[in-house]
J.: 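The structure that follows is given in the form of structure tokens.
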2 protein chains.
Amino acid sequence: MANIQQVASLAGVSVATVSRVVNGQLTVSPKTRIKVEQAIKKLNYEPSMLGRNLRTSESRILLVLIPTISNPFYLEIIRGIEDIAISQDYNILLCQTDSNPERENTYFNLVRKKMADGIISMDPAVNIETLVSLSENHAIIQCSEYTIDSGIPFVTIDNEGASFRAVKHLIKLGHNKIALINTDEKYLYARQRQMGYQKALEEHGISINQDYIFHTKQIGLEYGQQAMKKILNLEKRPTAVFAVSDLLAIGALKEINSLGLKVPNDIALVGFDQIDFSNMTNPTLTTIAQPMYKMGTLAAKMLINKIKGEKVESIILDHELVIREST
Amino acid sequence: MANIQQVASLAGVSVATVSRVVNGQLTVSPKTRIKVEQAIKKLNYEPSMLGRNLRTSESRILLVLIPTISNPFYLEIIRGIEDIAISQDYNILLCQTDSNPERENTYFNLVRKKMADGIISMDPAVNIETLVSLSENHAIIQCSEYTIDSGIPFVTIDNEGASFRAVKHLIKLGHNKIALINTDEKYLYARQRQMGYQKALEEHGISINQDYIFHTKQIGLEYGQQAMKKILNLEKRPTAVFAVSDLLAIGALKEINSLGLKVPNDIALVGFDQIDFSNMTNPTLTTIAQPMYKMGTLAAKMLINKIKGEKVESIILDHELVIREST
DNA sequence: AGCAAAAATGTAATCGATTACATTTACATG
DNA sequence: CATGTAAATGTAATCGATTACATTTTTGCT
């Protein structure tokens with residue numbers, strides 16, 4: 001592995017000139033440029049990012065914090081982040097925290113130790129105090145899950161509005177016994193989606209039955225299944241279920257199907273996120289679509305601007321209700 | 001952000017001593033150790049990996065090349081890689097090539113430019129010539145998809161044997177019109193799985209019908225659906241289908257279901273990979289289970305050993321046939 | 001040709017750590 | 001108390017680039 005010195009001496013120029021050629025600066029005469037390029041080719045020289053990174057005090061790496069990669073909701077967001085990152089010569093370090101504070105801290109350390117230039121956090125379970133204090137010295141953006149008045153810019157959707165719309169859709173179909181499969185209320189999105197659910201019911205004069213509201217520990221197929229099991233055991237069985245995630249809804253659907261009940265005739269079902277699989281179930285799932293790819297690109301752009309020291313505004317994106325066979 | 005010099009001068013020692021304290025070397029007297037630790041705390045010092053990385057000529061980053069993150073098959077493998085990597089102070093850069101050679105080259109450049117210490121390639125579509133030539137100067141492991149006689153160590157399963165077993169299972173159930181949904185034969189795993197399919201048929205005196213063999217461009221739900229559409233239009237409709245990926249099988253199942261046919265009575269179905277969703281479908285999917293997590297941990301260990309300059313042997317892991325409702 | 005301005009190139013400091021080697025300090029022993 | 005050895009600490013080179021500033025070369029013009 002050749003270094004810049006060797007290229008310089010082979011080409012008979014100084015390291016500064018080699019550096020200029022490598023970085024495409026125009027103040028190099030065509031003759032020397034060619035000499036240098038030949039030397040580079042001959043030595044198979046590749047500039048080391050290690051040297052450059054130390055000198056420029058940047059790592060060109062972005063941290064992306066997600067709870068788990070196994071929720072397909074994140075896939076398109078990540079794709080969006082990645083496309084922008086690569087186009088601007090950044091790379092992304094995908095970090096699954098698995099709601100493990102220790103693991104989270106390992107990742108935070110990367111930014112403290114300058115191994116990463118900034119963070120996009122999508123983890124609802126993130127330690128927000130640490131995140132805020134990190135944000136004093138480092139570029140940080142929240143994506144999807146956010147924190148009000150934290151000073152950390154975010155990009156998200158109107159969770160309450162989306163949820164309101166989903167439940168209203170069920171009400172319009174004639175349902176008034178509507179269950180909610182929610183996650184832990186310590187997460188903002190969970191509270192917001194529950195608020196949307198409640199507002200929709202209230203607006204139509206349906207009283208809120210606490211027995212119809214279920215909380216899962218996490219998002220996952222099996223959690224949806226378990227929650228549905230409980231719902232089906234209720235005395236006054238609901239005729240519709242709104243799950244705050246497609247994964248929960250698909251788990252719920254599994255449970256309904258395996259008991260021989262029919263969706264939507266016996267029970268209607270609405271999910272959230274429009275993951276690919278939501279269109280493969282039998283029946284296909286009515287769900288809320290979020291502009292995931294766009295969310296990712298925006299988050300990445302915001303982060304890169306923040307790294308550059310620019311001011312960054314938070315963004316709330318539109319959502320859409322996708323009506324399919326399950327309602 | 002303090003650096004090591006500032007810590008040294010505040011503690012009244014040399015940078016060497018600070019470095020020793022930071023790296024936990026034992027040749028520092030308790031008194032000075034305490035002085036240094038106090039200075040570190042007071043200045044909120046975090047050692048910069050940029051400096052260290054340049055000095056030690058390593059990035060402590062491992063590249064993980066996958067075709068796309070949207071196949072859940074990779075999830076557990078990645079988890080395995082990640083766990084080992086983190087335990088050894090490495091981080092992983094997850095790279096989706098999307099079968100895009102340009103993107104792939106961007107990632108290869110990271111290792112050329114010393115931004116990454118090694119590569120675990122799981123991409124069947126990887127440019128193997130480039131990979132082999134890179135492997136002369138860099139640590140590389142192939143995982144799942146591999147290349148015979150390339151000199152690149154790999155960890156994988158016996159694809160032909162697994163496929164053989166899956167098809168034999170169908171034959172034992174009485175099927176003799178068995179279709180195969182395969183991917184492009186340019187991939188080794190595709191050829192191996194097809195070979196297993198053919199051998200199983202031959203062993204039972206069932207002649208191979210080329211009309212029953214379908215090739216999809218990629219792995220994906222919609223590709224499985226399309227292939228199944230063709231299968232259902234065959235004159236002599238098969239009574240069983242073996243898909244070389246659960247994603248393909250789930251897509252196929254969707255198509256079967258939406259035509260009102262019943263699995264397994266009208267058509268039996270076997271997948272490959274045992275992804276989580278394969279247990280959520282109606283009916284649940286018979287499939288081949290690979291030890292994905294283990295595969296990931298092994299790949300990571302092999303790569304790290306390779307980086308250290310040790311000799312590394314390839315590994316072939318066991319698989320399992322998981323019989324569920326679809327057969 | 002002579003000269004000022006512009007263009008090209010070079011010199012050397014710098015980023016922040018690690019570490020071989022040199023030097024100093026502490027301690028035990030006769 | 002002198003001395004040898006071990007322990008602790010310091011000095012300074014080094015990793016491989018970038019870049020401000022200095023210097024040299026080229027260009028254009030009279």
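Every chain is numbered from 1, with letters handed out A, B, ... down the list of sequences.
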J.: Check every atom of C:dT9, D:dT18, C:dG16 against the side chain of A:Val15 and return the nucleotide holding the closest atom.
T.: D:dT18

J.: Is A:Ser19 touching bases, backbone alone, or none of the nucleic acid, heavy atoms closer than 4.0 Å?
T.: base

J.: Just by distance, do the side chain of A:Gln142 and the backbone of A:Ile120 share a donor-acceptor pair under 3.5 Å?
T.: no

J.: Return the set of residues passing side chain to side chain contact (heavy atoms under 4.5 Å, CB included) with A:Arg103 (not counting sequence neighbours), or none when no residue passes.
T.: A:Asn100, A:Tyr107, B:Glu82, B:Asp83, B:Ile86

J.: Give me the atom names and distance for the closest heavy-atom approach of B:Ala8 to B:Ser14.
T.: CB-C, 3.8 Å

J.: Measuring to OP1 and OP2 of C:dT9, would you say a side-chain N or O of A:Thr32 lies under 4.0 angstrom away?
T.: yes

J.: Could you check how far CD of B:Glu46 sits from P of C:dA17, rounded to whole Å?
T.: 10 Å

J.: Does C:dG10 have its OP1 or OP2 closer than 4.0 Å to a side-chain nitrogen or oxygen of A:Ser14?
T.: yes

J.: Please determine whether a side-chain nitrogen or oxygen atom of B:Thr17 lies at a distance below 4.0 Å from atom OP1 or OP2 of D:dT9.
T.: no

J.: Give B:Val22 one of three labels, base, sugar-phosphate or nothing, depending on what nucleic acid heavy atoms sit under 4.0 Å from its own.
T.: nothing

J.: Looking at CD1 of A:Ile128 and CD1 of A:Ile152, how far apart are the two atoms once the value is rounded to the nearest 0.5 Å?
T.: 4.5 Å

J.: How bent is the helix from C:dA1-D:dT30 to C:dG30-D:dC1, comparing axes over its five end pairs at each side, to the nearest 10°?
T.: 40°

J.: Provide, to the nearest angstrom, the distance between the CD atom belonging to A:Glu58 and the C1' atom belonging to D:dT19.
T.: 14 Å

J.: Between atom CZ in A:Arg52 and atom P in C:dG16, what is the gap in whole Å?
T.: 18 Å

J.: Select base, sugar-phosphate, or nothing to describe what B:Val18 touches, counting heavy atoms under 4.0 Å on all strands.
T.: nothing

J.: Can you work out whether B:Arg33 or B:Lys114 has the more 5'-proximal nearest nucleotide on DNA chain D?
T.: B:Arg33

J.: Reading DNA chain D from 5' onward, which residue's closest nucleotide shows up sooner: B:Ala16 or B:Leu54?
T.: B:Ala16

J.: Hey, does B:Leu50 reach any base, or is it just sugar-phosphate, or nothing, if we go heavy atoms under 4.0 Å?
T.: nothing

J.: Take atom CE of A:Met115 and atom P of C:dA17, then tell me their distance rounded to the nearest Å.
T.: 14 Å

J.: Is any side-chain N or O of B:Ser29 closer than 4.0 Å to OP1 or OP2 of D:dA7?
T.: no

J.: Under 4.0 Å: is that the gap between some side-chain N or O of B:Arg55 and OP1 or OP2 of D:dT14?
T.: no

J.: Quick check on C:dT18: is either OP1 or OP2 less than 4.0 Å from any side-chain nitrogen or oxygen of B:Asn23?
T.: yes

J.: Would you mind telling me which of C:dA17, D:dG16, D:dG10 lies closest to the side-chain atoms of B:Val13?
T.: D:dG10

J.: Is a side-chain N or O of A:Asp123 found less than 3.5 angstrom from the main chain of A:Ala125, in a donor-acceptor match?
T.: yes

J.: Is there a donor-acceptor contact under 3.5 Å from the side chain of A:Ser57 to the main chain of A:Asn53?
T.: no

J.: Please enumerate all residues that pass ring pair (Phe, Tyr, Trp, His ring centres under 6.0 Å) together with B:Tyr146, with sequence neighbours excluded.
T.: B:Phe154

